[in-house]
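Following this message is one structure expressed as structure tokens.
Quick note on labels: first sequence line is chain A, next is B, and so on, each numbered from 1.
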Amino acid sequence: MITIATWNINGVKARIETALEWLKQDTPDIVCLQEIKSVDEAFPREPFEALGYNVVTHGQKGFNGVAILSRFPLEDATPRLPGDDGDEQARFIEAVISVDGGSLRVVSLYLPNGNPLGTEKFPYKLGWMNRLEAFAADRLGLEEPLVLAGDYNVIPEPRDAKNPQDWVNDALFQPESRGAFRALQSLGYMDALRACNDAAGVYSFWDYQAGAWQKNNGIRIDHLMLSPQAADRLTACEVVSRVRAWDKPSDHVPVVASFDFQPLPN
DNA sequence: ATGACAAGACTTTCTTGA
């Protein structure tokens, strides 16, 4: 069994103690991190390595930035979503893990927020989603297990928000954003959480402001999208909401999927 | 009511985020 998590930690330096505590408690095998807010040279690799993780990062100064932690060796770590060589924002890294029967590909992605509407930020989001769809379509040709894990900044459906009406003028809930997310599903990628849990009220983000956590005023925007070969091995998926109540929390919590894969002995 | 929090940076005020 292999567990793969996605978690927007909102700053790796500010969150290091919280992150290490969760890793010690739940011992995920692979963790896709977003919003590390650190350049690669300043990423605190050592405390993660001390817990047995290999670390690959693609960071930038001040904001954005993604990383993958893995108990198994990470091969061919490749930053940047193809399709726009002029895009300097650090939002994507792919790596490969050897498992029984071949390669398991894992992507940590931080999809653009897109707010406010009416600025260049929203078309940047939609363009990034088009590039992600093209990447996902291309990868289908490999016929390999692939997990596209990350902060998608998309509320897929009304049941994914406590108060959907609050989001109708927000980039996260625009028809174009939701349609681009559905395009991944139309290609054949499966939303891991929805494969396991059909209930409303499952959230991965609660704003720091206005007592959103205390009111359970949340949204589900952190997703693991699975290629058919990954979906075939899915055994469970859940949101780790208890982390949101800890001291110094991120505004996001981890989402963890379990798979019937065996890592290869190294 | 674009308020409220939080993190990071050429910081004591700004940008960015959702």
Can you tell me how far C1' in B:dA1 sits from the matching atom in B:dT13, rounded to whole Å?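 Looking at atom C1' only, B:dA1 and B:dT13 are 23 Å apart.
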Under the side chain to side chain donor-acceptor pair (under 3.5 Å) rule, collect the residues that match up with A:E176, sequence neighbours excluded.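 Applying side chain to side chain donor-acceptor pair (under 3.5 Å) to A:E176 gives none.
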Shorter than 3.5 Å, N or O on both sides, protein versus nucleotides 11-18 of chain B: list them out with atom names.
from	atom 1	to	atom 2	distance (Å)
B:dG17	OP2	A:K121	NZ	3.3
B:dG17	O3'	A:Y110	OH	3.4
B:dA18	OP1	A:E35	OE1	3.1
B:dA18	OP1	A:Y110	OH	2.9
B:dA18	OP1	A:D151	OD2	3.4
B:dA18	OP2	A:Y110	OH	3.2
B:dA18	OP2	A:N113	ND2	3.1
B:dA18	OP2	A:N153	ND2	3.1
B:dA18	O5'	A:N113	ND2	3.3
B:dA18	N7	A:N113	ND2	3.4

For A:D87, check salt bridge (Lys or Arg N to Asp or Glu O under 4.0 Å) against everything at least two apart and list the hits.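 If we apply the salt bridge (Lys or Arg N to Asp or Glu O under 4.0 Å) test to A:D87, skipping adjacent residues, the hits are A:R131.
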Say you pick atom P in B:dG3 and the same atom in B:dT15; how far apart are they, in whole Å?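 The same atom, P, in both gives a distance of 12 Å.
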If the condition is ring pair (Phe, Tyr, Trp, His ring centres under 6.0 Å), which residues does A:F135 pass it with, not counting sequence neighbours?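 Ring pair (Phe, Tyr, Trp, His ring centres under 6.0 Å) list for A:F135, sorted by chain: A:F92.
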Gap in Å between the two P atoms, one belonging to B:dC14 and one to B:dC10, rounded: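 Their P atoms lie roughly 16 Å apart.
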For A:W167, which residues count as a side chain to side chain donor-acceptor pair (under 3.5 Å) partner, sequence neighbours excluded?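 A:W167 satisfies side chain to side chain donor-acceptor pair (under 3.5 Å) with no residue once adjacent residues are dropped.
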Between B:dT12 and B:dT2, how far is it from one C1' atom to the other, in whole Å?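 Here B:dT12 and B:dT2 have their C1' atoms 24 Å from each other.
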Using whole Å, report how far NZ of A:K215 lies from C1' of B:dC5.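 So the two atoms are 13 Å apart, to the nearest Å.
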Measure from CH2 on A:W206 to C1' on B:dC5 and round the result to the nearest Å.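 To the nearest whole Å, that distance equals 17 Å.
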Could you work out the separation of B:dT16 and B:dT11 based on their C1' atoms and round it to a whole Å?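 Pairwise C1' distance, B:dT16 against B:dT11, rounds to 15 Å.
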Modelled atom types, side-chain donor and acceptor of A:N216 and A:K162, under 3.5 Å: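 Result is no, nothing qualifies.
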Among all residues two or more places apart in sequence or in another chain, which pass the side chain to side chain donor-acceptor pair (under 3.5 Å) test with A:S204?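 Listed in chain order: A:D222.
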